[in-house]
Protein chains: 2
Amino acid sequence: MHPQYRSDLLKMAEIFKVLGDPNRLHILSLISHQELCVCEITSILNISQSNASQHLARLRSVDLVKERRNAQWIYYSLNQDAFPLISEILQSLPDVSIELKKIEDLPNHQKCKI
Amino acid sequence: MHPQYRSDLLKMAEIFKVLGDPNRLHILSLISHQELCVCEITSILNISQSNASQHLARLRSVDLVKERRNAQWIYYSLNQDAFPLISEILQSLPDVSIELKKIEDLPNHQKCKI
DNA sequence: TTAGCATATTCGCATATGCTGATGAGAGAT
DNA sequence: ATCTCTCATCAGCATATGCGAATATGCTAA
């Protein structure tokens with residue numbers, strides 16, 4: 001097998017490995033609609049801050065997300081340039097618009113002053 | 001979160017987890033062009049028979065492949081109905097047609113009488 | 001500067017994964 | 001029935017992964 005082919009396969013496999021987790025799929029689906037800071041993602045997914053941050057690190061490692069710092073907050077959004085099929089994949093997931101509408105009602109949202 | 005949403009995410013994540021391995025991507029790419037028996041896949045990927053069989057079991061577990069028995073041989077092919085985007089994903093992988101043309105030249109191909 | 005909040009990183013643990021080697025199950029040939 | 005070939009499964013191991021707890025870093029405001 002050609003070395004170039006092998007490395008292409010490895011890179012694609014790495015991307016799918018990152019997609020192979022329900023929490024990361026959920027995060028991608030959310031930030032494909034609008035950028036969100038880590039505390040919002042943490043609240044919506046109902047996971048620990050550490051866990052959310054680790055998932056975001058994995059998404060960063062394959063360049064699937066863009067980040068923008070604003071004061072203490074880091075806003076994440078989908079990087080559609082990294083993997084052309086990513087948008088179509090995310091569109092095949094269930095709708096998350098209800099969750100996005102409810103951001104203000106989240107229990108610990110007061111800790112996250114947007 | 002809705003339970004149905006969660007199970008959908010889990011199912012999608014499971015599919016991507018299966019896609020998240022270079023050998024399995026390679027197998028899928030090969031059998032998306034033509035059906036192959038296990039010994040051919042083993043030869044092309046240059047992995048052990050046990051390893052190939054285990055990868056095929058993973059692909060079967062999420063219904064990504066179809067199998068057809070013919071005497072001792074079991075021929076695997078892509079199941080395009082399981083995951084609508086699978087064909088597009090596989091088309092984004094490097095070309096495998098050269099490997100398919102060389103099946104007859106493989107070292108231990110005599111053990112696999114097509 | 002200090003305090004407080006948002007985020008990242010490290011550590012440790014339980015579980016999952018990929019692989020090899022050995023064994024088992026089916027199907028044909030003799 | 002016996003042998004051989006194809007394929008599946010099991011056992012065992014090294015490594016990877018997902019998570020919580022603790023800690024570190026970075027920013028703002030007082």
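Every chain is numbered from 1, with letters handed out A, B, ... down the list of sequences. Worth knowing before you read on, the calculation uses all heavy atoms, side chains too, and leaves out hydrogens, waters and symmetry mates. These numbers come from a predicted model, not from an experiment.
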Out of C:dT7, D:dA21, C:dA27, which has the shortest distance to the side chain of A:Cys39? C:dT7
So do the side chains of A:Leu100 and A:Leu36 get within less than 4.5 Å of each other, counting heavy atoms only? yes
Between the side-chain atoms of A:Gln72 and the base atoms of C:dG4, is any donor-acceptor pair under 3.5 Å? no
Using only modelled atom types and a 3.5 angstrom limit, is any donor from either the side chain of A:Ser53 or the base of C:dT9 paired with an acceptor on the other? no
Are there runs of at least three consecutive Watson-Crick or G-U pairs touching DNA chain C, with each pair's two distances under 3.5 angstrom? Give them by first number. C:1-30 with D:1-30
Find the distance between CZ (B:Arg58) and NZ (B:Lys17) and round it off to the nearest 0.5 Å. 7.5 Å
Flag side-chain contact, heavy atom, 4.5 Å: B:Leu45 against B:Asn51: no
Where the side chain of B:Ser50 is defined as all heavy atoms beyond and including C-beta, which of D:dC10, C:dG28, D:dA8 is the nearest nucleotide? D:dC10
Near-strand residues of residues 55-67 of chain B, defined as heavy-atom separation under 4.0 angstrom from DNA chain C: B:His55, B:Arg58
Under 3.5 Å donor-acceptor pair, A:Ser48 side-chain atoms to D:dG20 base atoms: no
Looking only at the side chain of B:Gln54 (C-beta and beyond, no hydrogens), which of the listed nucleotides C:dA8, C:dC19, D:dC19 gets closest? C:dC19
Check the side chains of B:Ser50 and B:Gln54 for a donor-acceptor pair under 3.5 angstrom, ignoring hydrogens and angles. yes
Nearest whole Å is fine: how far is C:dA25 P from B:Gln49 CD? 15 Å
Shortest non-hydrogen contact from A:Gln80 to A:Ser87? NE2-OG, 3.0 Å
Using the ring of each side chain (for Trp, its six-membered ring), is A:Phe83 parallel, tilted or perpendicular to A:Phe16, with breaks at 30° and 60°? perpendicular
